[in-house]
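We count residues from 1, following the sequence as given.
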Amino acid sequence: MHICLGSSCFSRGNKAVVNFIRDYLKRNHLEDKVLFKGARCMGHCSNGPNLIINDSITEGVTLARIEGILEKELAKIK
């Protein structure tokens, strides 16, 4: 899993999303099962923050949406 750390995504709130993802992985004991990294600009700046899970990009990731995205995408791992 990669989250864009480009300046546009950062200014759109990805810092809070990054913190949520880290907490989510810890709460669900997924830290050793999911590799979570920052990435350089993904080229979708106007639609950010952007997240890649299993080679699929999700745009417009917000704090309000992230838990649902993680639940859906990581359900197989839990």
Side-chain angles (χ1 to χ4, degrees):
M1 175 179 353
H2 293 84
I3 191 160
C4 183
L5 296 178
S7 58
S8 179
C9 287
F10 186 82
S11 69
R12 293 171 187 257
N14 74 344
K15 183 176 181 181
V17 174
V18 167
N19 289 333
F20 184 91
I21 293 171
R22 285 183 182 151
D23 291 343
Y24 179 91
L25 294 175
K26 187 174 183 176
R27 267 193 331 268
N28 290 282
H29 310 287
L30 296 172
E31 294 168 302
D32 60 339
K33 297 176 183 174
V34 176
L35 181 60
F36 178 50
K37 290 183 162 186
R40 293 183 181 218
C41 181
M42 296 178 179
H44 300 266
C45 302
S46 62
N47 298 325
N50 301 299
L51 179 67
I52 295 176
I53 302 176
N54 298 325
D55 298 322
S56 176
I57 190 165
T58 302
E59 299 176 334
V61 177
T62 63
L63 203 50
R65 292 184 59 216
I66 189 59
E67 188 165 12
I69 293 167
L70 294 175
E71 289 291 326
K72 178 183 173 195
E73 296 295 330
L74 301 178
K76 295 175 189 173
I77 297 172
K78 287 183 166 184

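Side chains of V18 and K15 form no contact here, defined as non-hydrogen atoms less than 4.5 Å apart.
The same ILVMFWY cluster, assembled from side-chain heavy atoms under 4.5 Å apart, contains both I21 and L74. In this structure, I77 is a member of the same hydrophobic cluster as I3, with clusters built from ILVMFWY side-chain heavy atoms closer than 4.5 Å. Cluster annotation: M42 and V17 are assigned to distinct hydrophobic clusters (Ile/Leu/Val/Met/Phe/Trp/Tyr, side-chain heavy-atom contacts under 4.5 Å, transitive).
Residue H29 holds its NE2 atom at 9.0 Å from CD of E31, rounded to the nearest 0.5 Å. In this structure, CE on M1 lies 9.0 Å from CD on E73, to the nearest 0.5 angstrom. Atom OG of residue S7 and atom CZ of residue R40 lie 12.5 Å apart, to the nearest 0.5 angstrom.
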Walk me through whether I66 and Y24 qualify under side chain to side chain contact (heavy atoms under 4.5 Å, CB included).
CA-CA 10 Å; I66 189 59; Y24 179 91; over 6 Å; no
### Audit row: E71, E67, side chain to side chain contact (heavy atoms under 4.5 Å, CB included) steps and yes/no
CA-CA 6 Å; E71 289 291 326; E67 188 165 12; 4.3 Å; yes
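Of all non-hydrogen atoms in H2 and A39, the two that sit nearest each other are CB-CB, 4.1 Å.
No option in S8, S11, C9 other than S8 meets the side-chain contact (heavy atoms from CB on, under 4.5 Å) test with C45.
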Acceptor/donor pairs from residues 47-63 side chains to any protein atom, 3.5 angstrom cut, sequence neighbours excluded:
from	atom 1	to	atom 2	distance (Å)
N47	ND2	E59	OE1	3.3
N50	ND2	H44	O	3.3
E59	OE2	H44	ND1	2.7
T62	OG1	A64	N	3.4
T62	OG1	R65	N	3.2

